[in-house]
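Scroll down for the structure; my scribbles are underneath it.
Within every chain, numbering begins at 1; the chains are lettered A, B, ... in the order of the sequence lines, protein sequences first and strands thereafter.
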Amino acid sequence: MPELPEVETVRLGLRPVLEHHRFLSVKTRRGDLRIPFPPRFAARLEGRRVNRLWRRAKYLVAELDSGESLIIHLGMSGSMSVYAEGRDRKVGTYYYDAARADAGAGAGKHDHVVMETDAPARIVFTDQRRFGLMTLVDTAQLADHPLFKDIGPEPLADDFGAGLLGRALRGKKTSIKAALLDQRVIAGLGNIYACEALFRARLSPRRLAKNLTAGQRAALVRAIKTVLREAIDAGGSSLRDHRRVDGGLGNFQHRFAVYDREGASCGRTCGGTVRRVVQNGRSTFYCPRCQK
DNA sequence: GAATTAACCTGATCGC
DNA sequence: TGCGATCAGGTTAATT
């Protein structure tokens with residue numbers, strides 16, 4: 001499910017109830033997600049204050065006042081829901097519906113972690129496929145941690161440009177589509193935004209990564225940045241699982257040019273038809289007429 | 001070492 | 001209505 005824009009949408013929603021707040025209680029309702037919870041997971045969170053909530057690739061990082069950081073990944077189907085404890089309480093820039101904050105919130109079959117903070121708010125992590133994870137890492141060791149050490153550049157960072165992308169793609173013998181999905185090449189892109197960015201850059205997903213010209217790399221960088229920014233502004237894309245923390249849907253799925261549009265006519269005037277092919281086991285959607 | 005495939009898990013959908 | 005096959009936004013161990 002969640003690619004960079006969806007994770008960023010979740011971060012913006014969680015921030016008012018997490019950043020500068022303390023965990024009052026944390027409950028895990030099973031022993032593991034994709035990986036086991038670390039020893040004393042709940043005890044290491046309870047009473048701790050979140051100094052900062054940031055994002056790296058598709059990971060959320062809550063920096064604690066204990067020197068540890070809570071790492072969250074939503075996998076394919078993970079979502080975070082926020083429930084207020086007070087009626088019509090305004091938390092940051094978000095209003096939460098008090099009716100949703102009943103005792104049953106967090107008791108669903110796939111609700112795996114329930115956290116209470118002093119915002120006050122209840123935060124529920126739900127993930128039916130359990131490809132997500134939560135763990136704790138020493139903040140000082142974060143950059144060297146196995147989950148983080150090989151992650152490539154952040155596409156929305158100011159210094160991400162054609163030069164950085166060129167270095168990342170140098171010598172890559174795989175397709176540009178597969179390269180964009182490789183988190184070591186670029187952080188945060190998934191199947192949707194890789195397809196959409198290639199469409200905007202008018203580049204065929206089947207082109208070899210190492211063969212892009214400087215001009216094509218520059219066009220691809222622009223396409224990646226604009227599609228990600230537009231998606232974040234729209235609250236991400238909701239296909240089946242992605243929800244904003246208040247339960248609302250993202251809107252960007254209505255703006256897909258090619259993703260999941262096999263057989264539809266290309267939105268450009270080229271007269272082409274969107275095609276689906278499988279690359280590295282994943283569906284790729286593109287217009288063979290105007291993506292070269 | 002790089003690239004590709006298979007596996008992890010659950011649920012929705014489609015064709016028969 | 002039921003059943004099996006297929007597919008899904010991600011990551012990574014195993015294999016080529």
Side-chain angles (χ1 to χ4, degrees), chain A residues 1-11 29-36 55-60 71-80 108-112 125-135 145-152 155 168-199 205-211 224 227-228 231-232 234-244 249-263 276-285:
Chain A
M1 156 218 159
E3 305 181 30
L4 188 154
E6 289 73 39
V7 178
E8 185 64 14
T9 299
V10 170
R11 185 183 77 87
R29 303 186 58 230
R30 54 176 297 123
D32 62 67
L33 296 169
R34 195 176 86 213
I35 61 175
R55 180 193 55 73
R56 175 77 170 111
K58 299 167 191 169
Y59 292 93
L60 289 171
I71 310 300
I72 302 171
H73 195 288
L74 301 174
M76 288 274 264
S77 58
S79 64
M80 308 285 293
K109 181 178 175 187
H110 300 295
D111 295 339
H112 304 308
F125 176 79
T126 306
D127 184 6
Q128 55 183 221
R129 291 175 74 181
R130 302 203 305 273
F131 287 165
L133 68 83
M134 277 198 202
T135 193
H145 190 276
L147 290 175
F148 287 79
K149 66 181 172 63
D150 294 324
I151 295 179
L169 295 178
R170 188 168 299 158
K172 284 268 168 204
K173 294 189 168 93
T174 190
S175 66
I176 183 61
K177 163 71 182 328
L180 292 181
L181 289 183
D182 187 340
Q183 300 299 296
R184 297 169 301 183
V185 170
I186 177 171
L189 288 187
N191 210 26
I192 292 176
Y193 299 105
C195 290
E196 293 294 315
L198 286 167
F199 173 80
R206 316 172 83 145
R207 185 182 280 274
L208 237 46
K210 67 186 175 84
N211 289 348
I224 290 168
V227 75
L228 292 178
I232 291 169
S237 303
S238 294
L239 296 189
R240 22 184 85 73
D241 298 315
H242 171 63
R243 293 288 183 280
R244 302 190 317 228
L249 297 172
N251 287 312
F252 194 74
Q253 66 276 14
H254 304 302
R255 310 240 290 268
F256 290 165
V258 288
Y259 184 81
D260 206 19
R261 298 195 67 234
E262 181 181 17
R276 172 184 178 269
V277 295
V278 175
Q279 293 180 287
N280 300 79
R282 311 292 302 275
S283 289
T284 295
F285 300 88

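The shortest non-hydrogen separation linking R261(A) to F256(A) is CD-O, 3.3 Å. When every heavy atom of P205(A) is checked against every heavy atom of I176(A), the shortest pair comes out as O-CG2, 3.6 Å. Here the closest heavy-atom approach between residue G152(A) and residue A187(A) is recorded as O-CB, 3.6 Å. Closest approach of R56(A) to I151(A), counting heavy atoms only: NH2-O, 3.1 Å.
Distance L169(A) CG to dA2(B) P: 14 Å, rounded to the nearest Å. We find that CG of L181(A) is positioned 14 Å from P of dA3(B), with the value rounded to whole Å. As rounded to whole Å, 10 Å separates atom C1' of dA8(C) from atom CZ of F285(A). Atom C1' of nucleotide dA3(B) and atom CZ of R170(A) are separated by 20 Å, given to the nearest angstrom. In this structure, CD1 of I192(A) is placed 12 Å from C1' of dG10(C), rounded to the nearest angstrom. If you take CG of L33(A) and P of dT10(B), they are 12 Å apart, rounded to a whole angstrom. Rounded to whole Å, the distance from CZ on R276(A) to P on dC7(C) is 6 Å. The distance between atom CZ of R130(A) and atom C1' of dT12(C), rounded to the nearest whole Å, is 17 Å.
Side-chain contact check for S237(A) and Y259(A): no donor-acceptor pair (N or O, by modelled atom type) lies under 3.5 Å.
Contact check, T174(A) against dT4(B): a side-chain N or O comes under 4.0 Å of OP1 or OP2. The side chain of K109(A) places an N or O atom within less than 4.0 Å of a non-bridging phosphate oxygen (OP1 or OP2) of dG11(B). For the OP1/OP2 pair of dA3(B) and a distance below 4.0 Å, the side-chain nitrogens and oxygens of K172(A) include at least one atom meeting the criterion. Residue K173(A) has no polar side-chain atom (N or O) positioned under 4.0 Å from OP1 or OP2 of dA2(B). Contact annotation: S283(A) side-chain N/O to dA8(C) OP1/OP2 distance is under 4.0 Å. Taking side-chain N and O atoms only, H110(A) has no distance below 4.0 Å to OP1 or OP2 of dT10(B). Distances shown here put every side-chain N or O of R282(A) at or beyond 4.0 Å from the OP1 or OP2 atom of dA8(C).
The E3(A) side chain lies nearest to dG10(C) when the options are dT12(C), dG10(C), dT10(B). For M76(A), taking side-chain heavy atoms from C-beta onward, the closest of the listed nucleotides dG10(C), dC7(C), dT10(B) is dG10(C). If you check dT11(C), dA8(C), dT5(B) against the side chain of N280(A), the one that comes closest is dT5(B). Each of dA8(C), dG11(B), dG10(C) was ranked by its minimum atom distance to the side chain of Q128(A); first place goes to dG11(B).
Between dT11(C) and dG1(B), the distance separating the two P atoms is 23 Å to the nearest Å. For the P atoms, the distance from dA14(C) to dC9(B) is 15 Å, rounded to whole Å.
Contacts of G281(A) with the nucleic acid, taken as non-hydrogen atoms under 4.0 Å apart, are absent. Residue Y193(A) is classed as having no contact, given no heavy-atom separation below 4.0 Å to the nucleic acid.
Taking the six-membered ring where tryptophan is involved, the planes of H73(A) and Y59(A) are perpendicular, since the angle between them exceeds 60° and thus also 30°.
Toward the 5' end of DNA chain C, the nearer of the two residues Q183(A) and R129(A), judged by each one's closest nucleotide, is R129(A).
Here F131(A) does not pack flat against the base of dT11(C), since the 5.5 angstrom centre distance and 30 degree tilt limits are not both met.
Look at dG10(C): its Watson-Crick or wobble partner, with both distances under 3.5 angstrom, is dC8(B).
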